There are 2 protein chains.
Amino acid sequence: MPQPPSKPTRYQRTRKDHSTETAEDYVEAVAELIDANTQCRLVDLAQYFGVSHVTANRIVARLVKQGLLRTEPYKPIELTLTGRRLAKSCQERHEIVRSFLIAIGLDSATADIDSEGIEHHVSPQTVELFRRFVKRGQPNSSD
Amino acid sequence: MPQPPSKPTRYQRTRKDHSTETAEDYVEAVAELIDANTQCRLVDLAQYFGVSHVTANRIVARLVKQGLLRTEPYKPIELTLTGRRLAKSCQERHEIVRSFLIAIGLDSATADIDSEGIEHHVSPQTVELFRRFVKRGQPNSSD
DNA sequence: AAACAAATGTAGCCAACGCTACACCTTTGT
DNA sequence: ACAAAGGTGTAGCGTTGGCTACATTTGTTT
Ligand SMILES: [Mn+2]
Ligand SMILES: [Mn+2]
Ligand SMILES: [Mn+2]
Ligand SMILES: [Mn+2]
């Protein structure tokens, strides 16, 4: 038998979301820190995520191995082209989720928090619906 | 100095969401399986989540220790009162998120998937906004 | 009753992501 | 130049959640 696809459960989708979540958040953070601060040091990342520098260091090492970041010992952290692209698309998606939550009436502080988790679980279809909703204010009629 | 609260980053909130996610999903699943099938066996849970029975077993053991589930060897899994309450509130929150996504135009299959991840990251304020949005039907209807 | 199938339990492995403690490198200030 | 401070690296530990392999118990079928 040629391996029936046996569609993954929705829980498997959520697990997959979580397995890419760290990479997404880190490249996004590196991009933001470079943008705001001209460079991104390990301590900056550790503080940004509220973790120890050891945790940040190990994660950075893995993302280097995955081709998203570039580092030299004791030097600031840089994005590869792939990393920069991923950061950009994550920032856009994140911002759409955040502004959508605000558009339906959430305060911006809570929107900051909620969108940080939600952003990794929205399908392209959902992002598109959010985007349209934000753009046109209220309506979401079918068109 | 008396330890300034030093508000947790939004990433710490997301990590906290994830740390309670498994418990929430499992009690919800146990409740649904009992409701649909009169009892919940370990294999049912393993299949439900798409994991091995070993993984399900270890998680069930931890939830027993946490007072959410009750088990006897080789017997079906039961909810404690605390577990049943948690299951109910999670089911309600999950259903609000799911029906909200449908209300803004998402197909129900994708809503099933997305809501499975999103449900754990919505603050009470956001749930309330979702609930109101669903209640007054499409945004065009006024009340 | 015996055999077989299914469910459950247990041992032991791996990876991710937290941490502390300590060592080493770099930068800064005197 | 050198000491202090700060940033980085590494060793080692804990928890969670995946897995395979194998043992044991339970249920079903002959
Ligand atoms: Mn983000
Ligand atoms: Mn995030
Ligand atoms: Mn869920
Ligand atoms: Mn999540």
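Note that this is a predicted model, so its numbers are computed, not measured. Residue numbering restarts at 1 for every chain, and letters A, B, ... go by the order of the sequence lines.
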Colleague: Between A/R58 and C/dA16, is there a side-chain N or O to OP1/OP2 distance below 4.0 Å?
Modeller: no
Colleague: Does B/E128 CD have over 12 foreign heavy atoms under 6.0 Å away?
Modeller: yes
Colleague: Could you tell me the separation between the CZ atom of B/R15 and the C1' atom of C/dC19, rounded to a whole number of Å?
Modeller: 12 Å
Colleague: Got a sec, which hydrophobics cluster with A/V60, joining ILVMFWY side chains under 4.5 Å apart, including via others?
Modeller: A/Y26, A/V27, A/V30, A/L33, A/I34, A/L42, A/L45, A/Y48, A/F49, A/V51, A/I59, A/L63, A/V64, A/L68, A/L69, A/I77, A/L79, A/L86, B/Y11
Colleague: Please confirm whether A/H120 and B/H121 have ring centers closer than 6.0 angstrom.
Modeller: no
Colleague: Do you know the tightest heavy-atom contact between B/Q12 and A/G50?
Modeller: NE2-O, 3.3 Å
Colleague: Going by the angle between their ring planes, with limits at 30° and 60°, are B/F100 and B/F130 parallel, tilted or perpendicular?
Modeller: parallel
Colleague: So how far is it from A/T14 OG1 to A/K16 NZ, rounded to the nearest 0.5 Å?
Modeller: 12.5 Å
Colleague: Using the test side chain to side chain contact (heavy atoms under 4.5 Å, CB included), find all partners of A/R41 that sit at least two apart in sequence or belong to another chain.
Modeller: A/Q39, A/V43, A/D44, A/P76
Colleague: Is A/S52 near enough to C/dG18 that one of its side-chain N or O atoms lies under 4.0 angstrom from OP1 or OP2?
Modeller: no
Colleague: What range of DNA chain D does chain B touch, first nucleotide to last, counting atoms under 4.0 Å from its heavy atoms?
Modeller: D/dT16 to D/dT26
Colleague: Looking across every strand, which nucleic acid part, if any, lies under 4.0 Å from B/T22 by heavy atom: base, sugar-phosphate, or nothing?
Modeller: sugar-phosphate
Colleague: Would you call B/R13 and A/D114 a salt bridge, taking side-chain N to carboxylate O under 4.0 Å as the test?
Modeller: yes
Colleague: Which heavy-atom pair separates A/F133 from A/I104 by the least distance, and what is that distance?
Modeller: CE2-CG2, 3.8 Å
Colleague: How would you summarise protein contacts on nucleotides 3-11 of chain C per nucleotide, using B for base, S for sugar-phosphate only and - for none, with heavy-atom distances below 4.0 Å?
Modeller: ----SBBBB
Colleague: Before accepting this row, confirm whether a basic side-chain N of the pair A/R93/A/E24 lies closer than 4.0 Å to the acidic partner's carboxylate O.
Modeller: yes
Colleague: Restricting to side-chain hydrogen bond (donor to acceptor under 3.5 Å, both in side chains), what partner residues turn up for B/E92, sequence neighbours left out?
Modeller: none
Colleague: Under 4.0 Å, heavy atom to any atom of DNA chain D: which of residues 25-36 of chain B qualify?
Modeller: none
Colleague: Rounded to the Å, how far apart are B/H18 NE2 and C/dC17 C1'?
Modeller: 13 Å
